[in-house]
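The shown structure was predicted, so the numbers you read here are calculated from the model rather than taken from an experiment. Just so you know, ligand 1 is whichever comes first in the structure, and atom 1 is the first atom listed for that ligand.
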Amino acid sequence: MQKSDRQLSAYYAARAGEYERVYDKPERQADLARLRDLIPGYFVDRRVLEIACGTGYWTQFIAPVARKITAIDINPETLAIARSKQLPENRVSFDVGDVQCLSPRYEAFTGAFAGFWWSHLRRGSRGAFLESLHRALSPGAIVVALDNLYVEGSSTPVSHTDADGNSYQCRELADGTKHTVLKNFPAEAELVADIETYATAVKYTALEYYWVLKYELTA
Ligand SMILES: C[S@@+](CC[C@H](N)C(=O)[O-])C[C@H]1O[C@@H](n2cnc3c(N)ncnc32)[C@H](O)[C@@H]1O
């Protein structure tokens with residue numbers, strides 16, 4: 001694992017208990033209400049692989065409509081909070097795992113959801129991630145990624161950019177510890193260019209604070 005990936009997972013382990021405060025930002029409530037309406041609708045009756053599910057914030061909204069969800073995160077700390085939501089055990093399972101190299105035991109899913117994960121991928125690792133994700137899906141599967149737009153005054157400022165064009169933020173947790181976190185803000189054209197050889201029915205939606213990319217995997 002690269003240093004920035006190790007820093008990222010360690011940061012989210014430390015942040016687990018305070019993670020969902022990000023969903024309390026007052027200026028983002030109208031967008032979040034729209035997303036809570038929109039996102040579950042993509043997964044009705046699908047077998048869903050959730051990528052980097054964290055504390056299960058989105059899992060709880062997708063679970064009532066999906067046939068099954070397998071939700072993966074690298075950190076037991078975030079998954080403990082997800083499990084405490086007591087989602088139906090016969091349909092929702094949580095696995096510890098690295099989504100940058102998905103185990104071959106994940107296969108034939110008919111949907112994938114990734115909340116706030118695309119932005120944490122190094123620019124150079126998106127291709128390998130997509131190959132690995134798509135191997136876990138059936139042709140025609142729907143893929144939905146949700147992530148942040150950069151909004152001055154609401155987003156944490158970018159502290160620096162590395163030689164490969166990845167941007168970073170310096171984030172502080174409630175205990176005062178400071179963490180360097182890789183956080184990219186890819187534009188629509190970049191997102192679409194990454195997936196267009198695999199994808200049909202591509203739709204990019206920009207709200208005020210978030211973007212949603214939806215596509216279907218070609219055969
Ligand atoms: C921004 S949070 C998103 C959480 C959740 N998807 C949401 O939308 O609320 C990013 C998540 O990625 C997880 N993570 C970081 N590196 C990972 C990796 N290599 N494999 C799986 N999960 C990872 C972190 O533990 C964290 O829960």
Side-chain angles (χ1 to χ4, degrees), residues 1-25 28-29 31-36 38-40 42-43 48-63 66 69-85 87 92-103 105-106 111-122 124-126 128-133 136 143-150 154-156 166-169 171 173 179-186 207 209-213:
M1 216 188 228
Q2 295 224 352
K3 184 179 169 202
S4 62
D5 295 338
R6 284 197 306 275
Q7 285 176 325
L8 182 76
S9 55
Y11 164 72
Y12 280 108
R15 185 180 163 191
E18 59 192 89
Y19 176 73
E20 290 195 12
R21 290 185 203 165
V22 74
Y23 293 114
D24 295 336
K25 290 194 175 193
R28 300 188 184 190
Q29 294 310 306
D31 271 10
L32 287 167
R34 276 185 68 185
L35 292 167
R36 287 190 296 264
L38 177 75
I39 302 288
Y42 288 126
F43 297 111
V48 180
L49 183 64
E50 187 177 351
I51 296 298
C53 65
T55 58
Y57 181 83
W58 294 99
T59 324
Q60 69 188 333
F61 301 118
I62 298 170
I69 306 182
T70 300
I72 307 172
D73 199 276
I74 204 164
N75 281 311
E77 292 85 347
T78 55
L79 289 177
I81 296 168
R83 288 195 180 100
S84 75
K85 292 187 164 60
L87 300 174
V92 182
S93 59
F94 293 102
D95 289 355
V96 176
D98 183 348
V99 299
Q100 302 254 26
C101 45
L102 286 164
S103 157
R105 77 191 163 91
Y106 298 113
F113 175 69
F116 306 98
W117 172 248
W118 243 246
S119 55
H120 287 314
L121 282 165
R122 281 175 283 107
S125 70
R126 276 192 222 133
F129 165 72
L130 287 171
E131 292 281 348
S132 156
L133 173 65
V143 180
V144 180
L146 158 67
D147 223 303
N148 298 99
L149 290 168
Y150 184 83
S154 182
S155 305
T156 304
N166 297 297
S167 52
Y168 295 80
Q169 296 169 324
R171 299 190 185 176
L173 292 178
H179 301 257
T180 299
V181 178
L182 186 153
K183 179 82 177 176
N184 285 319
F185 294 93
L207 305 184
Y209 294 95
Y210 305 99
W211 56 260
V212 180
L213 178 71

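Of the candidates S125, S9, A10, A52, it is A52 that places a heavy atom closest to atom 12 (O) of ligand 1. In the candidate list Y23, W117, F129, W117 is nearest to atom 17 (C) of ligand 1, counting heavy atoms.
For the side chain to side chain donor-acceptor pair (under 3.5 Å) with Y12, the lone residue among E77, H120, H179 that qualifies is H120.
For ligand 1, the atoms sitting less than 4.0 Å from at least one non-hydrogen atom of F116 are 1 (C), 8 (O), numbered in the order shown with element in parentheses. Shown in contact with N75 at under 4.0 Å from a heavy atom are these atoms of ligand 1, numbered in order with element: 24 (C), 25 (O). For ligand 1 and D98, the ligand atoms under 4.0 Å from any heavy atom of the residue are 18 (C), 19 (N), 20 (N). Contact atoms of ligand 1 toward G97: 20 (N), 21 (C) (distance under 4.0 Å to a heavy atom of the residue).
In terms of protein heavy atoms, atom 20 (N) of ligand 1 is closest to V99 N, 2.9 Å. For atom 11 (C) of ligand 1, the closest non-hydrogen atom of the protein is D73 OD2, 3.7 Å. The nearest heavy-atom contact from the protein to atom 23 (C) of ligand 1 is I74 CG2, 3.5 Å.
Not a single heavy atom of D5 sits closer than 4.0 Å to an atom of ligand 1. Ligand 1 is never approached by A16 to a heavy-atom distance shorter than 4.0 Å. Residue-ligand proximity: H120 is placed with a non-hydrogen atom under 4.0 Å from ligand 1. For the ligand labelled ligand 1, residue I72 lies outside the 4.0 Å heavy-atom shell.
Side-chain atoms of T55 do not come within 3.5 Å of backbone N or O of T78 as any donor-acceptor pair. Looking at E50, its side chain never comes within 3.5 Å of a backbone N or O of T70 through a donor-acceptor pair.
Between the side chains of Y57 and R36, a donor-acceptor pair is found at a separation under 3.5 Å. Using a 3.5 Å distance cut-off with no hydrogens or angles, the side chains of D147 and S119 do pair a donor with an acceptor. Counted by atom type alone, N166 and K183 present zero donor-acceptor pairs between their side chains at under 3.5 Å.
Here's the thing with T55: none of its N/O atoms is less than 3.5 angstrom from an N/O atom of ligand 1.
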**Message:** Please evaluate residues Q7 and T180 with respect to the criterion side-chain hydrogen bond (donor to acceptor under 3.5 Å, both in side chains), reporting the C-alpha separation (whole Å), side-chain torsions for both, the decisive distance (0.1 Å), and the verdict.
**Reply:** CA-CA 7 Å; Q7 285 176 325; T180 299; 4.9 Å; no
**Request:** For F116 and Y210, run ring-ring contact (aromatic ring centres under 6.0 Å, His included): C-alpha distance rounded to whole Å, both residues' side-chain angles, the deciding distance at 0.1 Å, then the answer.
**Result:** CA-CA 10 Å; F116 306 98; Y210 305 99; 5.8 Å; yes
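Using a 4.0 Å cut-off between heavy atoms, Y12 contacts ligand 1 through its side chain alone, with no backbone atom that close. Using a 4.0 Å cut-off between heavy atoms, A114 makes no contact with ligand 1 at all.
Between L146 and W58 the shortest side-chain heavy-atom distance falls below 4.5 Å.
By the 4.0 Å N-to-carboxylate-O rule, D95 lies close enough to R105 to be salt-bridged with it.
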